[in-house]
S.K.: 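Below: one structure in structure tokens.
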There are 2 protein chains.
Amino acid sequence: METRRDIFQAIADPTRRAIIGLIAITAMTPGDLASHFNTSRQAISKHIKVLVECEVVKQEVSGREIFYQLDINKMKEVDEWLEKYRCLWEKRFDQLENVLEKLKTKKK
Amino acid sequence: METRRDIFQAIADPTRRAIIGLIAITAMTPGDLASHFNTSRQAISKHIKVLVECEVVKQEVSGREIFYQLDINKMKEVDEWLEKYRCLWEKRFDQLENVLEKLKTKKK
DNA sequence: TATATTTGCAACCAAATAGTAGCAATTAGG
DNA sequence: CCTAATTGCTACTATTTGGTTGCAAATATA
């Protein structure tokens, strides 16, 4: 079993989603981030490490501090994946119609 | 640590995303689903169990067969979560300011 | 009825995950 | 300088995950 490092793994954890919500607004250090949670700094740092490996965050070093900020391109991947299904709850049946046509031709 | 059972956990696994892609088109049985993968039927059944626990699929029993189909409402939850970030990659930067303000005021 | 098919369940295993604690390296401030 | 602060790194632990195999129950089919 190989370790998955993609955006879907990144957002699977609620703490990481909260981190994403924070650094979407402004770049933050691990210490700053940790102060927003009840868990330890090390635990937050491990979540940040996962986010970095998933390429969801960009980092910028400033002295002994490291500022992490959201890389929005990865979020776009979720949106692109979701696009296939969006027609199923919206009123735009353009994609759904294609699927239904396929089903009609399959039925003998 | 309690086991998380939500849509984000459901879509974290690539096999489960593939299952979602299949049952979005039409309801399928575990056996039918398993024939689309290299892994065992039992492994697919376990993924289906997770999807059921995450309330991502609806099931309908017909004799000894069980048909599973996507419950699109749960997918909507991902879209709603993503909505907060969509402006960050779209060209509408005028709305970005509004969203950032909303995020700031929403914070405790 | 006898047999094959479909399925869920339980036990088990290896790997990944989420968390903790301790420590060393680097940097800021007195 | 000296000390405190910030951070990443390495164990270490407990739990979860994804997978396997075997088996029993229910249902279709000959």
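Both backbone and side-chain heavy atoms feed into the values below; hydrogens, waters and symmetry mates do not.
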S.K.: In terms of the nearest nucleotide of DNA chain C, which residue is placed more toward the 5' end: A/R5 or B/K46?
M.R.: B/K46
S.K.: With a 4.0 Å limit, can you tell me whether B/H47 has a side-chain N or O closer than that to the phosphate oxygens OP1/OP2 of D/dG19?
M.R.: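 For B/H47, the contact criterion (side-chain N or O under 4.0 Å from OP1 or OP2 of D/dG19) is met.
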S.K.: Of the nucleotides D/dC9, C/dG19, C/dG8, which one has an atom closest to the side chain of B/P30?
M.R.: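 Among D/dC9, C/dG19, C/dG8, the one nearest the side chain of B/P30 is C/dG8.
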S.K.: Can you tell me the distance, in whole Å, between the CG atom of A/D32 and the C1' atom of D/dT7?
M.R.: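 The answer, rounded to whole Å, is 13 Å.
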S.K.: Rounded to the Å, how far apart are B/R17 CZ and D/dG18 P?
M.R.: 11 Å
S.K.: To the nearest angstrom, how far is B/I19 atom CD1 from D/dG18 atom C1'?
M.R.: 12 Å
S.K.: Using the rule that two of Ile, Leu, Val, Met, Phe, Trp, Tyr join whenever any of their side-chain heavy atoms come within less than 4.5 Å, decide whether A/L51 and A/L22 are in one cluster.
M.R.: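 Linked within one cluster.
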S.K.: Given C/dT17, is OP1 or OP2 found less than 4.0 Å from the side-chain N or O atoms of A/R4?
M.R.: no
S.K.: For a quick test of reading the model, state the closest non-hydrogen atom pair linking A/R17 to B/Y85 and the distance between them.
M.R.: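 The pair with the smallest heavy-atom distance is O-OH, 4.3 Å.
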S.K.: Could you tell me which non-hydrogen atom of B/E77 sits nearest to which non-hydrogen atom of B/I7, and how far apart they are?
M.R.: OE1-CG2, 3.8 Å
S.K.: Take atom CZ of A/R41 and atom P of D/dT6, then tell me their distance rounded to the nearest Å.
M.R.: 10 Å
S.K.: Between A/Q9 and C/dT17, does any side-chain N or O lie under 4.0 Å from OP1 or OP2?
M.R.: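 True: A/Q9 side-chain N/O within range (under 4.0 Å) of C/dT17 OP1/OP2.
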S.K.: Establish, with yes or no, whether the OP1 or OP2 oxygen of C/dA18 is under 4.0 angstrom from a side-chain nitrogen or oxygen of A/T39.
M.R.: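 Checking C/dA18 against A/T39, no side-chain N or O comes under 4.0 Å of OP1 or OP2.
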S.K.: Measure the distance from NZ on B/K49 to P on C/dA10 and round it to the nearest whole Å.
M.R.: 7 Å
S.K.: Please report, rounded to the nearest Å, how far the C1' atom of C/dT17 is from the CD1 atom of A/I48.
M.R.: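 Interatomic distance, CD1 of A/I48 to C1' of C/dT17: 17 Å.
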S.K.: Tell me, which of residues 51-68 of chain B have any heavy atom that sits under 4.0 Å from an atom in DNA chain D?
M.R.: B/G63, B/R64
S.K.: For B/R86 and B/D79, which heavy atoms make the closest approach, and how far apart are they?
M.R.: NH2-OD1, 2.9 Å
S.K.: Minimum heavy-atom separation for B/Q9 and B/R4, please, with both atom names.
M.R.: CG-O, 3.4 Å
S.K.: Quick one: closest heavy-atom pair of B/I44 and B/T15, and the distance?
M.R.: CD1-CG2, 4.0 Å
S.K.: B/L33 has an atom CG; how far is it from atom C1' of C/dT6, in whole Å?
M.R.: 13 Å
S.K.: Nearest nucleotide by nearest heavy atom, which residue falls closer to the 5' end of DNA chain D, B/I44 or A/S45?
M.R.: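 That would be A/S45.
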S.K.: Less than 4.0 Å between a side-chain N and a carboxylate O, is that true for B/K46 and B/D13?
M.R.: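 Salt bridge between B/D13 and B/K46, a charged N being under 4.0 Å from a carboxylate O: no.
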S.K.: Nearest to the side chain of B/A43, which nucleotide is it out of D/dG18, D/dG19, D/dC9?
M.R.: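 Of D/dG18, D/dG19, D/dC9, D/dG19 is nearest to the side chain of B/A43.
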S.K.: The side chain of B/S40 lies closest to which of these nucleotides: D/dT20, D/dT17, C/dA18?
M.R.: D/dT20
S.K.: Give the rounded distance in Å between these two atoms: CZ of B/F37 and P of D/dG18.
M.R.: 13 Å
